[in-house]
Amino acid sequence: AALRAGARAYATTPGAAGKVALGLVALGDRDPACAGGVDLRAAMRRGYRDGVYGTTIFDQALAMLARRALGDRVPAAAVRALRRERGAGGWGVTGALGDDIHGKTTLFALLAQKPDNVGRDDVPQTVL
């Protein structure tokens, strides 16, 4: 109930909307695509341009994970955009911050590309 009640104030970016959707799915919610009067799919779509969800790798990865959790197909353009942001050793929150190979940014980016999240042909072989 608290997650649903706070959704309107929290789900203001694609990543935040994705995080709410993932939480609802994990809780077994019957309608995880909507919370607190917010269409979470629409909130993610509003921040989607040219394969990019929002402004950070967290936005990108959380939106991609949420799309899959909601039963949607992750756009191939989103996978390509995420791959373009990879540094020499992983992903940083933003390109300017450098790689976060020991932190959660790279973990979320890898999970977002997991073969059962996207079509196998969309995932670079180095991830498989």
Side-chain angles (χ1 to χ4, degrees):
L3 187 57
R4 284 187 161 285
R8 182 168 297 286
Y10 184 76
T12 59
T13 67
K19 191 187 282 189
V20 172
L22 287 167
L24 293 172
V25 168
L27 292 169
D29 194 287
R30 289 187 310 231
D31 189 14
C34 296
V38 177
D39 179 336
L40 297 170
R41 279 188 177 103
M44 287 184 273
R45 279 193 305 267
R46 275 192 298 277
Y48 182 77
R49 303 276 184 283
D50 300 321
V52 177
Y53 288 99
T55 60
T56 68
I57 294 302
F58 282 117
D59 278 335
Q60 186 77 4
L62 287 168
M64 290 170 66
L65 288 165
R67 293 278 317 264
R68 177 66 176 111
L70 292 171
D72 301 337
R73 180 146 172 84
V74 173
V79 176
R80 288 191 299 271
L82 183 59
R83 275 192 247 153
R84 280 193 306 268
E85 293 299 317
R86 182 177 180 196
W91 285 263
V93 175
T94 66
L97 295 178
D99 299 349
D100 178 21
I101 59 172
H102 299 292
K104 56 190 169 191
T105 309
T106 295
L107 170 66
F108 276 99
L110 289 170
L111 288 172
Q113 296 180 82
K114 193 173 170 207
D116 61 348
N117 272 345
V118 295
R120 186 172 177 85
D121 294 337
D122 297 330
V123 180
Q125 293 302 306
T126 57
V127 173
L128 300 176

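None of the values given here were measured: they were computed from a predicted structure.
- Note: the hydrophobic cluster containing Val52 does not contain Val79 (ILVMFWY, side chain heavy atoms under 4.5 Å, direct or indirect links).
- Annotation for Asp50: atom CG does not count as buried by contact number, only 12 or fewer foreign heavy atoms lying within 6.0 Å.
- Scanning all heavy atoms of the two residues, the minimum distance from Leu70 to Ala33 falls at CD2-N, 4.0 Å.
- Among all heavy-atom pairs drawn from Gly54 and Pro14, the shortest one is N-CG, 3.5 Å.
- Membership of the apolar cluster around Leu3 extends to Tyr10, Val20, Leu24, Leu27, Val38, Leu40, as traced through chained side-chain contacts below 4.5 Å between ILVMFWY residues.
- Annotation for Ala61 and Ala109: closest pair CB-N, 4.1 Å, computed over non-hydrogen atoms.
- You'll find the side chain of Pro75 reaches within 4.5 Å of the side chain of Arg67, heavy atoms only.
- Here salt bridge (Lys or Arg N to Asp or Glu O under 4.0 Å) pairs that include residues 34-43, with residues two or more places apart or in two chains, are Arg41-Asp72.
- Using a 4.5 Å heavy-atom threshold, the side chains of Ile57 and Phe108 count as separate.
- Between the side chain of Trp91 and the main chain of Arg83, no donor-acceptor pair closer than 3.5 Å is present.
- Partners of Arg30 under the side chain to side chain contact (heavy atoms under 4.5 Å, CB included) rule, at least two apart in sequence or in another chain, do not exist in this structure.
- Without hydrogens or angle criteria, Gln60 side chain to Thr55 main chain gives no donor-acceptor distance under 3.5 Å.
- For residues 27-50, the pairs satisfying ring-ring contact (aromatic ring centres under 6.0 Å, His included) are Tyr48-Tyr53, with sequence neighbours left out.
- For Arg68 (side chain) and Arg73 (main-chain N/O), no donor-acceptor pair under 3.5 Å exists by modelled atom type.
- Qualifying salt bridge (charged side-chain N to carboxylate O under 4.0 Å, His left out) partners for Asp29, counting only residues two or more places apart in sequence or in other chains: Arg4.
- Among all heavy-atom pairs drawn from Ala17 and Ala11, the shortest one is CA-CB, 3.7 Å.
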